[in-house]
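Note that these values count all heavy atoms, side chains included, but never hydrogens, waters or copies made by symmetry. Not measured: the values here are computed from a predicted model. Reminder, nothing fancy here: chain letters follow the sequence lines and each chain counts from 1.
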Number of protein chains: 2
Amino acid sequence: MANQFGVRIRQLREQQNLLLRQVAPLLKMDTPMLSKIERGERPVKREQITVLSEVLKADKNELLTLWLADQIYDVVKDEKLANEAMQVAEKTINLKKRNKK
Amino acid sequence: MANQFGVRIRQLREQQNLLLRQVAPLLKMDTPMLSKIERGERPVKREQITVLSEVLKADKNELLTLWLADQIYDVVKDEKLANEAMQVAEKTINLKKRNKK
DNA sequence: CTATATTTGTCAATAGTTGACAACTGGGCA
DNA sequence: TGCCCAGTTGTCAACTATTGACAAATATAG
């Protein structure tokens with residue numbers, strides 16, 4: 001599982017000298033769970049990012065971007081055609097954006 | 001569900017005047033299933049792409065690229081930060097590639 | 001050794017996916 | 001009109017995967 005996200009939130013948590021057991025309850029999970037999330041062993045839900053960014057006083061967009069990048073990476077990580085696929089996907093994204101939808 | 005892949009295989013099938021009921025059994029599925037796949041209503045498994053490219057005499061890499069692009073698109077389609085995330089993911093991909101793994 | 005922080009392993013409950021089938025729609029044509 | 005035929009839609013039980021929760025193990029510091 002890709003994990004720039006987990007690495008980053010661990011970094012943020014440690015910078016603020018917060019313990020897993022302090023942060024976990026705020027996210028309504030237990031300590032082992034948060035540990036696993038930070039190490040990318042368990043997936044993070046999109047909705048949890050908002051709470052995380054508040055608790056860790058982090059920029060939500062930064063975290064969201066990392067989280068999305070992880071999802072994307074998971075899709076293509078073992079693929080020879082990763083770069084080609086990314087290009088095609090990017091084209092599609094920009095096309096849809098232009099069409100207001 | 002993103003569906004450049006489905007659109008393309010439908011196109012290929014129609015170009016060759018093949019019917020759903022002719023192609024579906026070759027892929028070990030029934031007609032409704034293939035119909036749904038072509039319209040993006042059901043996901044396609046990675047392993048099915050090889051068989052599909054053979055049955056439809058298509059370039060496997062082309063189909064694989066479209067399929068991957070669909071997966072990527074599904075991840076970011078409703079995201080404001082889609083482009084940023086794509087950039088980050090691309091960086092990661094190229095980094096890992098450089099590190100031989 | 002003890003206390004505290006984190007990690008690992010396990011598992012039942014739940015949620016999601018799958019393949020299969022029946023039923024329906026729409027078009028063509030006798 | 002009625003009957004095919006190609007494709008579509010809806011449903012559902014069986015299966016698979018994910019989840020949250022907990023106990024136990026490990027690691028680190030005094």
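Contact detail for B:N61 and B:T65: the closest heavy-atom pair is O-OG1, 2.7 Å.
The distance from atom NZ of A:K36 to atom P of C:dC11 is 13 Å, rounded to the nearest whole Å. When the C1' atom of D:dT19 is taken as reference, atom CE of A:M1 falls 12 Å away, rounded to whole Å. Remark: C1' of C:dG19 and CD of B:Q48 are 11 Å apart, rounded to the nearest angstrom. The CD-P distance, from B:E47 to C:dT18, rounds to 11 Å in whole Å. Between the CG atom of B:L27 and the P atom of C:dT18 there is a distance of 16 Å, rounded to whole Å. Taking atom CD1 on B:I37 and atom P on C:dT17, their separation rounds to 15 Å, with Å as the unit. One atom, CE of A:M29, and another, P of D:dT18, lie 17 Å apart when rounded to the nearest Å. Regarding B:L34, its CG atom lies at a distance of 16 Å from the C1' atom of C:dT18, rounded to whole Å.
Ranking D:dA23, C:dC21, D:dT8 by closeness to the B:D30 side chain, first place goes to C:dC21. Nearest to the side chain of A:R21, among C:dT8, C:dA5, C:dC21, sits C:dA5.
Contact annotation for A:M33: base contact, defined as any heavy-atom pair under 4.0 Å involving a base atom. At a threshold of 4.0 angstrom between heavy atoms, the contacts of B:K45 are confined to the sugar-phosphate backbone, with no base atom among them.
Phosphate proximity of D:dG7 to B:R13: present, with a side-chain N or O under 4.0 Å from OP1 or OP2. Side-chain nitrogen and oxygen atoms of A:R39 include at least one within less than 4.0 Å of the OP1 or OP2 phosphate oxygen of C:dT8. Within the 4.0 Å cut-off from OP1 or OP2 of C:dT7, at least one side-chain nitrogen or oxygen of A:S35 is found.
Place A:R42 and B:L20 on DNA chain D by their nearest nucleotides, and B:L20 ends up nearer the 5' end.
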**OP:** Starting from the C-alpha separation in whole Å, work towards a yes-or-no answer on salt bridge (Lys or Arg N to Asp or Glu O under 4.0 Å) for A:R46 and B:E79.
**Re:** CA-CA 11 Å; A:R46 221 208 98 112; B:E79 300 288 348; 2.5 Å; yes

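Using a 4.0 Å cut-off between a side-chain N of Lys or Arg and a carboxylate O of Asp or Glu, B:E38 and B:R13 qualify as a salt bridge. By the 4.0 Å N-to-carboxylate-O rule, B:E41 lies close enough to B:R39 to be salt-bridged with it. For the pair A:E54 and A:K60, the salt-bridge criterion is not met [side-chain N within less than 4.0 Å of a carboxylate O].
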